[in-house]
Amino acid sequence: MFRNNYDNDSVTYSPTGRLFQVEYALEAIKQGSAAVGLVSKTHVVLVALKRNAEELGSYQKKIIKVDDHMGIALAGLAPDARVLSNYLRKQAMSSKMIFNRPLLTSKAVLSIADKAQENTQSYGSRPYGVGLLISGYDETGAHLYEFQPSGSVLEYFGAAIGARSQAARTYLERNLDTITESETVEQLIVHGLNALRDTLSQDVELTFKNTSVSVVGKDTDFTIYDDENVQQWLDKLDSVSNARNREEDDEDNANDDENNTAPAETEQLEDRMETDE
Amino acid sequence: MKAVENGGTSIGIKCKDGVVLAVEKIINSKLLVPGRNKRIQTIDRHIGVVYSGLLPDGRHFVNRGRDEAQSFKSIYKTPVSVPHLMDRLGIYVQNYTCYNSVRPFGVVSIVGGVDDNGPHLYMIEPSGTCWGYSGAATGKGRQTAKSELEKLNYEELTVREAVKVAAKIIHQAHEDNKDKDYELEISWVSKEETGGLHQFVPEELLEEARKLAEDDEGEEDEEMES
Amino acid sequence: MNHDPFLWGRPSNDTYGAYNHAIAQASVQEATHDQLDQFPKKHTQQPIITGTSVIALKYKDGIIMAADTMGSYGSLMRFNNIERLFRVGKETVVGISGDISDMQQLHRILNELETDEEVYDNDGGHNLRAPHVHEYLTRILYNRRSKMDPLWNAVLVGGFNDDGSPFLKYVDLLGVAYGSSTLATGFGNHLAIPLLRQLIPNDTDYVNVTEEQAKKVVMDCMRVLFYRDARSFDKFSMVTIKDGGKGFDFEKNIKIDNQSWRFARDIKGYGSKQE
């Protein structure tokens with residue numbers, strides 16, 4: 001099932017200078033369930049939607065702790081994420097061993113970026129099929145990075161990856177100012193869950209079973225809230241399903257303003273069509 | 001292969017007392033943190049680099065440059081000269097065109113530095129081709145930038161002046177890509193200004209240069225003639 | 001026993017027969033170049049050119065460190081212009097005593113560390129500070145000693161903690177590390193520490209010490225060291241770091257003042273004028 005002649009391996013450029021293998025890897029992220037990250041001045045929050053393969057199966061872990069000050073959320077191939085998070089853990093340990101200080105978030109992120117780049121330039125290896133959101137708090141403050149299999153890493157105020165993540169990004173862009181100015185962790189988490197809720201498809205709700213939340217920041221070690229512990233945060237939401245939100249969106253489009261809604265919404269639809277199959 | 005070169009415009013200017021590097025950093029999302037995600041990197045204390053194309057490949061290139069510089073230093077106990085470093089990097093990049101098990105680098109890099117023989121500026125392509133330049137440009141707006149660079153008098157130009165010129169050129173080159181916002185990043189290396197170290201220009205100077213570039217927009221024609 | 005002046009002390013061939021060089025493959029002379037790796041490897045077993053004491057103390061605004069500039073070849077004063085204090089990053093000084101070639105190696109290692117941590121992809125705010133440099137050196141020195149191939153040095157690291165308080169710690173060729181408000185290496189441990197501790201009796205007392213007092217006691221220490229330590233010199237360098245690293249003062253070519261060698265007249269039993 002080839003799309004064209006230039007996508008057999010990651011060492012072949014297409015005539016337009018693209019690397020299809022790498023682009024397919026980006027596609028793998030979109031197949032994964034969504035993860036959202038956002039930053040205030042002092043804290044970083046990650047929220048993620050877990051999936052279970054079958055009714056009786058457990059939910060796939062979405063958030064992994066790296067160190068007391070750092071953790072990641074993933075979308076895409078979970079085994080690849082484990083490889084990368086193990087690598088990050090090693091880096092964090094050696095920073096403690098060699099310098100007796102916690103690993104700088106930006107250094108950590110760049111190290112996996114360079115590792116991922118190698119896999120895009122040599123025959124016989126495939127790019128990592130996972131996108132990561134890396135949250136960290138260090139002496140330079142609270143940081144959120146998005147990692148892509150291409151080896152690209154960028155720092156964001158808010159980011160979302162995975163299925164229908166465009167909807168979450170739209171939410172983050174609309175509320176950017178209130179998010180970055182958030183005073184409390186609670187506000188930040190509620191914004192995160194709101195954004196995550198926007199990525200839900202029709203018949204799904206946020207429940208304490210399928211939602212993961214993590215926080216790291218000033219005087220706060222990296223903490224993951226799962227299962228029963230996440231209910232306290234879900235209780236803070238006005239609704240846990242996306243249905244109401246959609247109706248509202250329609251109204252928005254009808255009488256609300258112009259600027260970012262229109263183009264973003266179409267993109268969002270495209271996104272859905274691709275991943276809902 | 002050349003199609004890779006569609007990233008933000010990068011330029012380098014070699015002056016009588018040093019080198020200035022500048023890049024137009026396209027902002028794809030307003031969620032990106034301003035002032036972070038730096039594009040200009042340092043190979044050794046006295047050598048800087050900026051590139052356009054596949055940015056992760058650029059990082060690979062820079063890491064190799066750092067390894068070369070450090071291994072040179074560990075053998076000869078003296079900082080590597082820019083021409084020698086470029087020679088080594090040229091070989092490395094060229095090697096990636098020789099085998100079907102790897103792909104060539106997807107970046108064009110502009111490397112500038114100051115050593116005992118004064119300032120140097122080089123541009124290196126995916127093929128491994130590596131030339132010295134007085135003014136170099138790559139990326140989407142390279143045509144505009146090149147024609148502006150040709151008007152400069154490199155014998156007289158100082159780095160302090162060149163910072164402003166660079167800001168202006170990047171601004172003009174951005175005209176080709178106007179639908180997206182950009183952030184300006186400028187670095188310099190000069191014996192007089194930075195003691196031979198490669199550094200980002202101070203915030204005030206960057207701001208001044210950016211203001212000038214934007215104000216000049218109106219008086220473009222006048223500027224062209226002078 | 002062989003009484004030939006050049007082979008004195010060796011077993012005599014007449015009595016014991018010629019030495020069998022094949023034992024433990026100990027003869028390098030008979031080997032060709034590519035066989036050399038089969039022979040036992042010899043590591044550093046003693047320093048060659050050496051630098052003597054480094055002394056340092058904390059005071060209320062920061063730290064002061066001093067070391068003379070001599071490199072001795074045994075008892076020969078081989079070099080008199082060797083700088084043994086090094087600046088690392090923005091606000092840290094490292095003072096090294098012991099083998100000079102190993103000191104130069106450490107200097108290169110520290111330089112590379114500085115390039116890695118301070119220059120590459122540094123967006124600011126994440127600086128290499130004294131505790132990190134000290135931890136790193138401890139790892140290096142301990143690793144080398146565990147390979148039975150030590151870097152023959154004793155090192156002082158001075159600077160500031162993350163919270164801005166003064167930092168001063170020691171680490172040596174064995175990987176032994178400790179911290180104190182008053183520190184010295186080598187002979188300084190015997191000769192300078194008592195003087196330093198007179199000024200700073202308890203570890204926390206440095207907060208009452210002014211820069212003037214601190215500099216005076218450094219000068220006194222260097223003078224006593226010059227009087228009593230035969231491998232010392234009367235020219236030294238001194239680094240003063242204060243206010244969390246904002247002030248970094250590197251003074252070179254300081255001459256020890258107020259020398260009085262009167263006491264030497266009363267010393268008997270050394271040198272040419274023995275009675």
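Keep in mind the model is a prediction, meaning the values are calculated, not measured. Letters go in sequence order (proteins before strands), and every chain restarts at 1.
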Roughly how far, to the nearest 0.5 Å, is the CD atom of B/Gln199 from the OG1 atom of B/Thr194? 5.0 Å

Check whether B/Leu55 gets within reach of chain A through its side chain, its backbone, both or neither, counting any heavy atom under 4.5 Å. neither

Residue B/Asp57 versus chain A: region with a heavy atom under 4.5 Å: both

In terms of ring plane angle, is the pair B/Tyr92 and B/His60 parallel, tilted or perpendicular, where the classes change at 30° and 60°? perpendicular

Is it the side chain or the backbone of A/Thr120 that comes within 4.5 Å of chain B heavy atoms, both, or neither? both

Side chain from CB out, backbone as N, CA, C, O: work out which of these in A/Leu110 comes under 4.5 Å of a heavy atom of chain B, or both, or neither. both

B/Tyr96 versus chain A, heavy atoms under 4.5 Å apart: side chain, backbone, both or neither? side chain

So how far is it from B/Arg160 CZ to B/Trp188 CH2, rounded to the nearest 0.5 Å? 4.0 Å

Does the gap between the ring centers of B/Phe72 and B/His84 come in under 6.0 Å? yes

Closest-packed option against chain B by number of heavy-atom pairs under 4.5 Å, given A/Glu118, A/Gln117, A/Gln121: A/Gln121

Pairwise distance CG(B/Leu54) to CG(A/Leu19) - rounded to 0.5 angstrom: 6.0 Å

Cut-off 4.5 Å, heavy atoms of chain B, and the answer for A/Leu176 is side chain

Would B/His120 and B/Tyr133 count as a ring-ring contact (aromatic ring centres under 6.0 Å, His included) here? Give the steps. CA-CA 8 Å; B/His120 300 270; B/Tyr133 288 82; over 10 Å; no

